[in-house]
S.K.: 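The structure is given below, and queries will be raised subsequently.
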Number of protein chains: 2
Amino acid sequence: MPSANEDCAPLTEYEGSCQGQHGAEEGRMIREVLSRVGDKWSLLVVATLRGGRLRFSELQGHIPGISQRMLTLTLRHLERDGLLSRTVHAEVPPRVEYELTDLGRTLMELSIGLGMWAVENRERIETARAAYDSAHSQV
Amino acid sequence: MPSANEDCAPLTEYEGSCQGQHGAEEGRMIREVLSRVGDKWSLLVVATLRGGRLRFSELQGHIPGISQRMLTLTLRHLERDGLLSRTVHAEVPPRVEYELTDLGRTLMELSIGLGMWAVENRERIETARAAYDSAHSQV
DNA sequence: CAGTATCCCGTGTGATACTG
DNA sequence: CAGTATCACACGGGATACTG
């Protein structure tokens, strides 16, 4: 059956093939989720928090290359979407801890899955990339 | 086993907790994969191809909002990484078909998972967002 | 039909400096 | 320690026009 898309799983079917109504909406929603989570740091933060709560500086230490600004922004976005909780301890010096919510943990599972996929298939991708490049760099 | 970072899964552990060596490299790799796949359209294209091969115009029809330019670029990138194959049929008018490779199918599974997550948790996210906004929009 | 080629703009990101 | 504030810039991505 090399023809296509007849099973109508209610996910990324874009108008036409099946009921043909909600498709576009779901596509937009998926893009929204990817915008939230598909940025440069979100999944990394979520994955880093999989072991439990961490404070700001610990997160920064565990994610090499992230700037203070981007860590702050990423954490705020994830908090806004209910993916992690932010706890400020009334101390001096201040201590702030971040922890995944239940919702965040479900996403974390997926991000771990993506990460494992990346680890497992890095070589295949690099090989394919090299093959493609050499095939297309014809003089 | 939702305790802390002691299991040392070889994924997003960034130097320190475990062996403490390869962490940064893997973090970079995950970011690379996310850059490849976490852009605005890649996962959507991959998910759209889950039912079998489709031609250029069919893809464009199934993914509302994507421009010709972005579809082309996305397809080229995915092809370069060995996630899909491109077949040009020597006909007039030209017909070009795209199909997931085995590697692409493994990623497709994950993207479907992300999509389902998005569908299932849209409301929770919107609720959390509204709550956060009202709590932070101090009068 | 299936692309390329340009132009252009928004915004995501980094660097740096400052604060409660 | 855990942030804000500001500037500056690259780049992703949309619109449009053209082509084999």
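The structure presented is a predicted model; accordingly, all values stated were derived computationally and were not measured. Residue numbers start from 1 in every chain, and the chains themselves are labelled A, B, ... in the order their sequence lines are given, proteins ahead of strands.
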S.K.: Who pairs with A:T72 by side chain to side chain contact (heavy atoms under 4.5 Å, CB included), at least two apart in sequence or on another chain?
M.R.: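 Expected list: A:F56, A:R76.
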S.K.: Taking the nucleotide of DNA chain C with the closest heavy atom to each, which residue, A:H77 or A:P94, is nearer the 5' end?
M.R.: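 The residue mapped nearer the 5' terminus is A:H77.
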S.K.: Whole Å only: how far is the CD atom of A:Q68 from the P atom of C:dG14?
M.R.: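 My rounded result for the distance is 13 Å.
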S.K.: Quick one, A:L71 with A:V45, criterion side-chain contact (heavy atoms from CB on, under 4.5 Å). Give me CA distance, side-chain angles, the key distance, then yes/no.
M.R.: CA-CA 8 Å; A:L71 181 54; A:V45 168; 4.1 Å; yes
S.K.: Find which nucleotide of DNA chain C each of A:K40 and B:S57 is nearest to by heavy atoms, and output the residue with the more 5' nucleotide.
M.R.: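 Residue closer to the 5' terminus by nearest nucleotide: B:S57.
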S.K.: Would you check if A:M70 and A:K40 make a side-chain contact, meaning some heavy-atom pair closer than 4.5 Å?
M.R.: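 Sidechains of A:K40 and A:M70: no contact.
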S.K.: Can you measure A:L73 atom CG to C:dA15 atom P for me and round it to whole angstrom units?
M.R.: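 Distance check: A:L73 CG to C:dA15 P gives 15 Å.
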S.K.: Starting at atom CH2 of A:W41, determine the distance to atom C1' of C:dG14, rounded to an integer number of angstrom.
M.R.: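 Nearest whole value for this atom pair: 10 Å.
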S.K.: Identify which one of A:L107, A:L103, A:L78 satisfies the side-chain contact (heavy atoms from CB on, under 4.5 Å) criterion when paired with A:L84.
M.R.: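 Output: one option passes, namely A:L78.
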S.K.: Any chance you could measure B:L83, atom CG, to B:T106, atom OG1, to the nearest 0.5 Å?
M.R.: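 Here the interatomic distance stands at 7.5 Å.
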S.K.: Do you reckon A:L54 sits in the same ILVMFWY cluster as A:I112, going by side-chain contacts under 4.5 Å, direct or chained?
M.R.: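 Hydrophobic grouping puts A:L54 with A:I112.
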S.K.: Nearest nucleotide by nearest heavy atom, which residue falls closer to the 5' end of DNA chain D, A:V96 or A:R69?
M.R.: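 Final value for this comparison: A:V96.
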S.K.: Of all nucleotides in DNA chain D that come within under 4.0 Å of a heavy atom of chain B, which is furthest toward the 5' end and which toward the 3' end?
M.R.: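 Nucleotide range with atoms under 4.0 Å of chain B: D:dG13 to D:dG20.
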S.K.: Would you sort out whether B:H62 and B:L59 count as a side-chain contact (heavy atoms from CB on, under 4.5 Å), showing the intermediate values?
M.R.: CA-CA 5 Å; B:H62 280 27; B:L59 278 168; 5.8 Å; no
S.K.: Hey, where does DNA chain C pair up into stems, meaning at least three consecutive Watson-Crick or G-U pairs with distances under 3.5 Å?
M.R.: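 Looking at DNA chain C, the stems formed by three or more consecutive pairs are C:1-20 with D:1-20.
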S.K.: For the atom pair CD (B:Q60) and CG (B:L75), what is the distance rounded to the nearest 0.5 Å?
M.R.: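 Reported to 0.5 Å precision, the distance equals 10.0 Å.
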S.K.: At 4.0 Å (heavy atoms only), tell me whether A:R55 reaches a base, stays on the sugar-phosphate, or touches nothing.
M.R.: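 Counting heavy atoms under 4.0 Å across all strands, the contact made by A:R55 is with sugar-phosphate only.
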S.K.: Which residue, B:M70 or A:T72, contacts DNA chain D at a nucleotide closer to its 5' end, judged by nearest heavy atom?
M.R.: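 Result: A:T72.
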S.K.: If you draw a 6.0 Å radius around CD in B:E91, do more than 12 non-hydrogen atoms from other residues or ligands fall strictly inside?
M.R.: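 Count over threshold, so yes.
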